[in-house]
Amino acid sequence: MATPLYSSNDKNIPANTPIESDSQVLYNKDGNSSDGGGGNMNNDYVTHPELKLSEEETQRKLDNLDSKITQVDNKLDYKFNELDKKIDSKFDLLNTKIDSLTKLVWWIIGLLTTGVVLPAIAYFVKTIFLK
């Protein structure tokens, strides 16, 4: 196997200089060796291990966020269900009161009708037929 060489991108080391330290040697898709991004590599690029680590950390944060969203969703569902039950009970109570008031009104109308209309009919019958 050939000795890995520094890339020509590194301005401090002449091109095709063999790597003499125990540093990690990486090979790109063309088979050219690289010292893992040292030298003048700026912060615009990341290595594959850095990218993988960042992806794993991002996924972990997304999983935590998803579980928190699920917890909040469950709490909101519970609160809305409780509110729905309270509203339903209030409407049931209101319907019961309306029904009882409706019955009372019909009784009052019935009594007034009996108390006013029957004497009026009796008066008319008496005046028309008994004259």
Side-chain angles (χ1 to χ4, degrees):
M1 180 175 189
T3 304
L5 303 176
Y6 282 107
S7 74
S8 61
N9 293 351
D10 194 341
K11 303 234 189 268
N12 297 330
I13 300 174
N16 300 327
T17 303
I19 300 172
E20 295 180 9
S21 67
D22 290 336
S23 64
Q24 179 182 12
V25 176
L26 302 174
Y27 292 90
N28 61 20
K29 64 181 178 182
D30 298 327
N32 297 328
S33 64
S34 168
D35 63 350
N40 69 348
M41 184 173 177
N42 60 22
N43 289 333
D44 292 341
Y45 305 100
V46 297
T47 62
H48 285 281
E50 289 173 334
L51 180 61
K52 183 70 174 170
L53 181 64
S54 175
E55 286 175 351
E56 289 171 356
E57 184 177 331
T58 302
Q59 186 61 45
R60 182 182 52 78
K61 287 180 180 179
L62 286 174
D63 290 342
N64 288 341
L65 182 63
D66 185 49
S67 67
K68 288 179 182 177
I69 289 173
T70 302
Q71 289 174 353
V72 169
D73 185 45
N74 290 339
K75 286 180 183 177
L76 284 174
D77 284 345
Y78 175 76
K79 294 291 185 181
F80 278 120
N81 287 337
E82 289 297 314
L83 185 61
D84 190 38
K85 288 177 187 176
K86 286 181 181 179
I87 290 172
D88 286 346
S89 68
K90 296 292 183 182
F91 275 111
D92 290 342
L93 180 63
L94 185 62
N95 284 336
T96 304
K97 288 182 179 181
I98 288 173
D99 288 343
S100 66
L101 286 175
T102 303
K103 289 178 185 177
L104 179 64
V105 167
W106 279 108
W107 272 102
I108 292 172
I109 290 173
L111 291 174
L112 288 175
T113 303
T114 305
V116 173
V117 173
L118 288 179
I121 291 173
Y123 175 74
F124 287 123
V125 170
K126 184 178 173 184
T127 56
I128 294 175
F129 294 113
L130 296 177
K131 249 186 177 186

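This structure is a prediction, so every number in the text was calculated from the model and none was measured. These values consider heavy atoms only, across backbone and side chains, with no hydrogens, waters or symmetry-generated copies. All residue numbers in this chain count up from 1 along the given sequence.
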Gap separating the CD atom of Gln71 from the CG atom of Asp73, nearest 0.5 angstrom: 11.0 Å
Value rounded to 0.5 Å, distance of OG1 in Thr70 from CG in Leu65: 9.0 Å
Minimum side-chain heavy-atom gap Asp63-Ser67 below 4.5 Å: no
Within-4.5 Å side-chain heavy-atom neighbours: Lys79 and Leu83: no
CD-NE2 distance between Glu50 and His48, expressed to the nearest 0.5 angstrom: 11.0 Å
Pair Lys86 + Glu82: basic N to acidic O under 4.0 Å: no
Rounded distance (nearest 0.5 Å) linking atom CG of Leu94 with atom CD1 of Ile98: 4.0 Å
Side chain proximity check, Glu56 to Lys52, heavy atoms < 4.5 angstrom: yes
Polar side-chain atom of Asp66 near backbone of Leu62 as donor-acceptor pair, under 3.5 Å: no
Heavy-atom side-chain proximity of Val72 to Lys68 below 4.5 angstrom: no
Spatial distance of atom CG (Leu112) from atom CH2 (Trp107) [nearest 0.5 Å]: 13.0 Å
Cluster overlap Leu101 with Leu93, hydrophobic side-chain contacts below 4.5 Å: no
Inter-residue atom distance Tyr78.OH - Asn81.CG, 0.5 Å rounding: 9.0 Å
